[in-house]
Structures are given as structure tokens and as C-alpha cells.
Chemist: 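Here it is, the structure, as C-alpha cells.
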Amino acid sequence: MVDLTRLYDVLVIGGGNAALCAAITAREAGASVLLVESAPKPFRGGNTRHTRNLRAMHEKPTSVLTESYLEDEYWDDLLRVTGGQTNEELARLTIRETQASLPWLEARGVMFQPSLTGTLNLSRTNAFFLGGGKQLVNSLFNTAQRLGVEVLYDTEVTELVLDDGFVRDVKIVSRGFPASVRTKAVVASSGGFQGNIEWLKQYWGEAADNFLIRGTPYAQGKVLRNLLDQGAHAIGDPTQFHCVGIDARAPKFDGGIATRLDCIPFSIVLNQKGERFYDEGEDVWPKRYAIWGRLIAQQPGQIGFPIVDSKAEKLFMPSVFPAYRANTIAELATQMGLDPAATEKTVAEYNASVRAGTFDTTKLDDCHTEGLSPPKSHWARTIDEPPFIGYPLRPGITFTYLGLKVDEKARVLMSDGKPTANLFASGEIMSGNILGKGYLAGFGMSIGTVFGRISGREAAKRVLN
Amino acid sequence: MSLIDVIDLQSAQLHDEARRAMEVCNACRYCEGFCAVFPAMELRRDFTNGDLDYLANLCHNCQGCFHSCQYAPPHPFGINVPKALAELRYQTYRDYAWPPSMARVFDRNGTLVCLLAALSVAVLVTCIVLLRDPGILFQPQTGPGAFYRIMPWGLLSALAGASFVYSLVALGMGFRNFWRASERPTSDLTRPRPLMQALHDVFTLKYLGGNGRGCNDLSDNFTMLRRRLHHAMFYGFLLCFASTSVATLYDHFWNWPAPYPLLSAPVLLGLVGGLGLIVGCSGLIWVKVQTDPAPSARALLGADYALLTLLLLSSVTGLVLLTLRETSAMGLLLAVHFGFILALFLALPYSKFVHGIYRSGALLRYALEREDEHASHASN
Ligand SMILES: Cc1cc2nc3c(=O)[nH]c(=O)nc-3n(C[C@H](O)[C@H](O)[C@H](O)COP(=O)(O)OP(=O)(O)OC[C@H]3O[C@@H](n4cnc5c(N)ncnc54)[C@H](O)[C@@H]3O)c2cc1C
Ligand code: SF4
Ligand code: SF4
């Protein structure tokens, strides 16, 4: 039983990867640790529950990674996706520390897939969790509890009372009842605020009602908001988030990976007016996966409709939801709620502009359109072999970029640049320091593991000295 | 609605739920490292009923993909692969049973197997009491042929032989039905490499080892418990079978009738095998009682417990018989022990035992698909 009259050394806020790494590290260092997770137990683990892999630097092949992946290449990859919106010192620290993170996680029960069994061709750079992130969450919770970390589910931190950079009091609501936690240090690992639609509306207006959240609804950003309101130094563009196109029939929250749609490069994508709006064949799909969420977010009604014909059906991973299917374009349009005439016109114009080439899904081929605006630069083939197939697509938000500025000890910094005394942060809530823009597959978990461990270590050091 | 319709409807519902789960999994694929089900699933986009039956028998119920599933209940998708596949697997025992009318014994399998065992013991005991002078039954019997003074050799070998042969035929026909649904040629059954691979996987219980750390036997912790216990049971069973076979040979060809001395092959094999069965079966029963119920299929439990208990009782009575064979209790014990063995033989094709047949078939089909896949990659 958790005893709330007790004075804890370290309070960890959150139940995802960052929180668990922090809690285990602090406990192993000898601190007494209380971890509070706002979700109930079946939904514990935040966005981490939905993850697949972690990007790790390594000098030689390991049991779960092939070849080598060195600091400079990793850094170049990061630089490319962020366009320079990163902090080199923190980024390189993270990259170097990922090397030790993998064995650290393995030693704490996390299981990885042996290399070369993964679907995606990422086994050189990314280590895949056996069964996905939920297995990591289960394994780390088991280890944490075995070590004596105390855990409260269904318990939300509502306020950290900051007094001149020092956390004096922590207010929680535990299973509906307000209470306080007495603690010497706090690690905030409570994720982003993408689950908070009202907050998103501040920047996106009513359009935010049409966004789907791919991960946990518990990412409400309460701790982030509360600390920013008390003068913590913000980092990252508050209006921006990582976002992909997902099947519009996905649940509002927690749809996870299975709702993704990979048909876009083989399709034409129409908006609600039955018109195309962007080059679907601009680049190979992994590189363009992440822009379609934003593109659709900017369309009327925040919805798009990729259409393919039977030639293309087997070229992409199946969706979890059944496709719309019809023998004529007009019929398909009616099923999807589009104007049949406008849709037929768009398809006809597209078909007329297709210049046949050698279709090749493995490279940027020469099948393209001519005289069409916007063009389709690759994989353009006529859409004329029934049945015709369509899906509805909406923006699916992965995480937000706004976060707390931290230093290399994971200390939260105040607006005046001074570090707080006993407040640390790790994971999504501070990843904007390193990942200011874009995304690198597996890097979210890298930041969470590395900074989770740093924050746990520093928090324990602070209270045990 | 007739009974046949009810069974068809149930079969359709179980196939639908397994298909829904496999379609979500195929879009997710996070569990592909756990077992053979996921790589086999990834070779398909659409799932016929035969495919699903195959996948269901390829699942060894490690529960890993339940505990690590981001779509497990209470998520609205409510994906529970081990449960969906276990329920369908059980349905395949009905669908492939031979003769088809015997499908219904799987409805209340636990009860029926127990009844069969009780009946079989009762009949044997009664037979002996009626056929034999009660004096012989309750007198210590020793020396060569002692057992047959209790139980006439003719009765014994006729009963055992007939029931065993019948069971082999029924199991074989069940396998034939299963293989037909795969739409693969019979010649595939003997392709050397896949066959060797499948035999290897069967005899090592490769998949029950997870990735070297075992399975979620009791909870979301990984253990090797089930694998070790199943090994004890499986090899225990084989040793007991070997013991019986050697004894038959001794008796037929060397004219050396039972009982055999302690340091003889039949007794030693039976002793070690019996101990293995006791440890394995009682351990597996314990695991079933302890395990997290969420991913288990309740409908199967009766059949599971019944077969494990029958094996357990067969081995316990065998060992007790061995210990007390020179006392006056021998006569009764022998009747009871043979009662259980007879029930076991008769129940083979109509109990959880069939999982071994279909699972081996599924592993063979998997090995074949893998080899075909490699061949097509190589030629591309
Ligand atoms: C579908 C999907 C797939 C992804 N795949 C990958 C991938 O393969 N690799 C990768 O590196 N990244 C991936 N990501 C990103 C990754 O999920 C995050 O970078 C990472 O999980 C962040 O970990 P975290 O611990 O900081 O936050 P989270 O895992 O989100 O945990 C935050 C926790 O804080 C709790 N919480 C929130 N507010 C409070 C409060 N006030 N009080 C108490 N508790 C609170 C939440 O309940 C939650 O448990 C994916 C994201 C999604 C949505
Ligand atoms: S069981 Fe769940 S996590 Fe595993 S592949 Fe299927 S849907 Fe994905
Ligand atoms: S329960 Fe185990 S064996 Fe069955 S499908 Fe899931 S992971 Fe595979």
C-alpha cells in the first residue's frame, strides 16, 4: 500500500518509458520512489505502449542490431530531419548514451526481436521490442515494482507548487480524491499535450475537433501547462505536432499503428470537394509518410480520400478497416460522400495526363503526369480497372513539440535561465530540446530512455547527498 | 434451428473473430517475433477458414501477444489473439473429428472423458471379479505370469490392441481432414527438409521457449515453466509408451510374461516415464489454475484438465502398482490401472490429445510455406 503521509525521496510523474527509466534508476541508486500514472492500469504506459522500436548507436553488430551505426551518421540523420532545430550538445549526449541504453533495458527485462526479423528494413539502426512497446512497459513495471518502486495508477498530478525554483508541494487527484505527495525531488515524465483537444484548439481552432490522436488520451499536458505558467522556460513550437495520415474511422484516441494507411503513393488523394491538392508521388513513402497529416489538416473538413484501382490494391499493407469498393468512380464517390461528377472529372483529368513508364515501386520511377496541377511525379498509373477502392483519411497526431527546456542534467530551466533545484524532466515533455521539428524513427524512445536515466540519476543524487 | 445449424453458426462466429484479430494483427505486426503464427499470417492478406484453422493450430498459447497487445481489452478493438485462436482451435477438433458424428464429444469433453475413465475402470474391475475367482483377486500373486492370473492375457491384449488401433485410425483420419483443408498435396507430407524442420520443432518444443526467455505462462512475466513441464509430460508419455512396447515384445517374442524385475527395461522406462508424467501433468494443472484468466479460453479448460488428470491417474496408479505388486492389493490395482490406460487409449482421438496431431500438421505446413517462400525469394 502506498502511504501518502510518508516523505518520498523522488516522485516520478508518468507511466511511460521515460518515467519508468527514471524510477528504476533512482531506486537502484537507493532513493525511495513513488511513481504516479494518471491512466488506470490497463491503459498504463502512455504513448510508449504504441511504440515499436528504439534507435541505438552501436559500433559493431549486436544480437538485435546489424552492422554499425556511429555517432556522426546518427547526428547527420538527426540534423537532416530537424533542419537544425536541435541542441547539438544534448543531441550528441543522447546519441552516445543510446549505446548503453539497449543493454540497460535488456538487463531490466525488456525483450527485443532478434535482428533481421523485422518487417521494416531498419534492423541496422533500430532495435525492435518483442511484441511492441507494451511489452517494454510491462517488463519495466515488473522490474520497478520488484525493486520497490511504489506505483499509484489512476492518479494525476494537477499542480507542482514552485517556490523560487524549488518544488514545495505536489497536488494530485488519486482515484478521484485530491491529496498531496511529500517528496524531496520530482521527475516530470508526463509526455506531451496532444491528448488535450481544447489546448490544440488555441492554435488550430475548430479544426482540432477533426484530429485523431494516435496515442494516449492521458497526455493532457497538465504538468507542462502548470510549469510553463509558473515561469519554466518553454522550448519548441507550441502550434506544431508530428502528424500522419490515418484511416478516418480510427478511434479518437489510442488507434496506434494499425490505423496507418500506406496507399498514398499509388493513389490520387481527393479533398471533400473532389479535387486533388498535392503531389502524391513526390518521394518514396517513408520520407513522405509524415507530411500527409499536416496536408490533410489544412484541407476543408480535415479529411482526404485516396483512391486506387484494382491494379494497386496489393501494393500496400492492408488497412484494419474495410475499404470502400465500387465498380464505378461515381459509385465510389457516393459511398465516400463526395460529389460524383466532381470526382469523375478529377479522375478523368488525371488519367488523361498520365504518361506511361516503367512502373517500379522500389525506386522513383518514370511514371508521371504531364500538364496536371498539382502533378503526380512518380508511380502515376491510370485509375481505370474496377473495382475502385478508396479510404477516408484524417490527421493522426503522434506528439506535440512544445516542452520544457532542460540542461544536460535534465534539470528544468526557468525563463531566466536558472535551473530549478529539485525538478527534472525526461521524455516527450522535453524532447523539443533535441527534436525541434520532424521525426526520426525510434528517436522518441531514445530520448526517453537516455533522459529518463539521467533524470532518475540526478534526482537521486540531489536527495541522497 | 437444428443442432447442426447451431454448430455451423458457432464455427462461423469463431472463424469471424479469429479473422478480425488476424486482420488487425496484419496491419500492426508488432508481435511478429513471438511465434510462427505471425510470420505465417504475414504471407496472407485474406484468410480462408482453412488458413485460420491452420493458424489456430500453429498457436501454442504462450499468451505473449495478449499481454503485449496495445489493442487488448478494454481497448475498443478488444483484440485477444490467444483466446480467439484457442476457441477456434477447439472448434477445429470438432470440425476435423472422425467419424464426423463424434464432433459432439468435444462439447462436454471434460465430463465425457471423466465418465469414460470411470466406466472403463468399473468395467475392468467388474469383469475381473466376475471372471476370476475372488480368491485369486485378493491373494498376493508373484512370479512370471502373475498379472495374467488376474487379468487373462487374451482379454488384455484384445482390449488394448483394438482400442489402440481404433484410435490410431481415428487420429489418422482427423489428420487427413486437417491436411485436406490446407489444399496442399499429400506429397508435401514427405518433403525431407520441411519434414525434418517440423519434427525438430515438435520434439524440441521450439516455440514454447519463446526467444530463450520463455512465455507468459502465468502473467506478463516471461518464464520457462510450461516448456519444462510439457517436456516432462511429453517425454514421460513417450517413455511409458516405450515401456509398454518393450513389454509387449518380451511377452510375444521372448515368451517372458510380465511382471518384470525392477532392473528391467519395461520397469525402468515406466518408472522414469511415470515420474515425468506426474511432474508434468500436475505442474501443468497448477499452471492452468494459477494463470491470468484473461487470455485463456474457458471452453477448453474441461478438456485440458480431463486429459491431464487422466494421464496423471494412469501414471500414479502405474507407480502404485509397481510398489505394491507383491501384496494382495495388486489384483485390484492392476484392474484400476488398466482401466485408466484403456480409457486413455480410447480417448486419444476425442480429447485434448488431438492437439499434438494438428499442431504437428500445422508446424509441417509452416515449414513447407517457409521453404516455398525462400525458394521464391531465391528465384526472384
Ligand atoms: C502510434 C505511435 C507510435 C510510435 N512509435 C514509436 C516508435 O516506434 N519509436 C519511438 O521511438 N517512438 C515512437 N513513438 C513516439 C513515442 O511514443 C514517444 O516518443 C515516447 O513514448 C515518449 O515517452 P514518454 O515516457 O515521454 O511519454 P509517454 O509514454 O506518453 O508517457 C507519458 C505518461 O505520463 C502520464 N501522465 C500524463 N500526464 C500526467 C499527470 N498529470 N499525472 C500523472 N501522469 C501523467 C501518461 O498517462 C503516460 O503514462 C510513437 C508514438 C505513437 C503515438
Ligand atoms: S496481438 Fe496486438 S500487438 Fe500483437 S500484432 Fe496483433 S494487434 Fe498487434
Ligand atoms: S499466444 Fe503465443 S503462440 Fe499464440 S499467437 Fe500469441 S504469441 Fe503466438
Side-chain angles (χ1 to χ4, degrees), chain A residues 40-43 45 47-53 63-64 106 109-120 128-139 141-143 145-146 214-216 247 250-262 313-314 316-322, chain B residues 16 19-39 41-47 62-82 209-216 218-223 292 294-295 370 377 380:
Chain A
K41 190 174 175 199
F43 287 127
N47 273 3
T48 302
R49 203 153 52 87
H50 293 290
T51 62
R52 179 192 290 253
N53 58 33
S63 55
V64 298
E106 279 183 304
V110 177
M111 304 233 269
F112 290 88
Q113 275 183 43
S115 56
L116 292 173
T117 57
T119 314
L120 305 174
F128 288 69
F129 313 125
L130 184 66
K134 192 168 169 191
Q135 181 265 121
L136 171 137
V137 168
N138 292 341
S139 299
F141 263 108
N142 284 339
T143 300
Q145 282 172 299
R146 191 169 39 73
R214 301 174 68 209
T216 183
D247 197 304
K252 182 82 182 168
F253 294 100
D254 272 332
I257 196 75
T259 59
R260 63 190 276 170
L261 265 181
D262 291 338
E313 193 186 0
K314 304 274 145 117
F316 50 90
M317 291 253 285
S319 166
V320 256
F321 297 100
Chain B
D16 284 349
R19 185 173 290 113
R20 186 181 79 90
M22 286 295 105
E23 281 169 359
V24 175
C25 291
N26 214 6
C28 164
R29 302 189 170 185
Y30 276 17
C31 292
E32 60 190 0
F34 274 122
C35 68
V37 172
F38 295 91
M41 165 199 89
E42 288 173 15
L43 295 175
R44 303 169 159 77
R45 279 179 83 100
D46 304 304
F47 300 92
C62 76
Q63 319 202 327
C65 69
F66 172 78
H67 289 291
S68 70
C69 182
Q70 56 196 315
Y71 302 115
H75 188 281
F77 287 178
I79 298 300
N80 189 337
V81 175
N211 274 264
R213 297 245 209 120
C215 300
N216 291 159
L218 301 171
S219 66
D220 53 20
N221 265 312
F222 290 80
T223 75
D292 182 342
R370 295 278 291 210
H377 274 305
N380 277 344

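In the text below, chain A, chain B and the rest are named by the order of the sequence lines, each starting its count at 1.
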Chemist: Give the minimum heavy-atom separation between A:G131 and B:F34, together with the two atoms involved.
Modeler: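 Of all heavy-atom pairs spanning A:G131 and B:F34, the closest is CA-CE1, 3.4 Å.
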Chemist: Tell me, side chain or backbone of B:C69 under 4.5 Å from chain A's heavy atoms, or both, or neither?
Modeler: backbone
Chemist: Where does B:Y71 contact chain A at under 4.5 Å (heavy atoms): side chain, backbone, both or neither?
Modeler: side chain
Chemist: Testing the basics here: between B:E42 and B:N26, what is the closest heavy-atom pair and its distance to 0.1 Å?
Modeler: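 Of all heavy-atom pairs spanning B:E42 and B:N26, the closest is CA-OD1, 3.8 Å.
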Chemist: Flag the pair A:F129 / B:S68 as yes when at least one side-chain heavy-atom distance between them is below 4.5 Å, and no otherwise.
Modeler: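 Result no, sub-4.5 Å side-chain heavy-atom pair not found.
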Chemist: Just so I understand: if I count every heavy-atom pair under 4.5 Å between each of A:G45, A:S319, A:P251 and chain B, which residue has the most?
Modeler: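 Ranked by contacts with chain B, first place is A:P251.
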Chemist: Which one, A:I257, A:D254, A:V320, leads in non-hydrogen pairs under 4.5 Å with chain B?
Modeler: A:I257
Chemist: With side-chain contact (heavy atoms from CB on, under 4.5 Å) as the criterion, how do A:F128 and A:F112 come out once you've worked through the C-alpha distance, each side chain's angles and the decisive distance to 0.1 Å?
Modeler: CA-CA 6 Å; A:F128 288 69; A:F112 290 88; 5.9 Å; no
Chemist: Taking side chain as C-beta onward, heavy atoms only, is A:R52 less than 4.5 Å from B:Y30?
Modeler: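 Counting from C-beta outward, A:R52 and B:Y30 do come under 4.5 Å.
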Chemist: Do B:H67 and B:F222 make a side-chain contact, defined as non-hydrogen atoms from C-beta onward lying under 4.5 Å apart?
Modeler: no
Chemist: Among A:G133, A:S139, A:P40, A:G255, who wins on heavy-atom pairs under 4.5 Å with chain B?
Modeler: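 Most heavy-atom pairs within the cutoff with chain B belong to A:G255.
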Chemist: Let me know if A:S63 has heavy atoms under 4.5 Å from chain B in its side chain, its backbone, both or neither.
Modeler: neither
Chemist: Side chain, backbone, both or neither: which part of A:N142 has an atom under 4.5 Å from a heavy atom of chain B?
Modeler: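 When you check distances to chain B, only side chain atoms of A:N142 fall under 4.5 Å.
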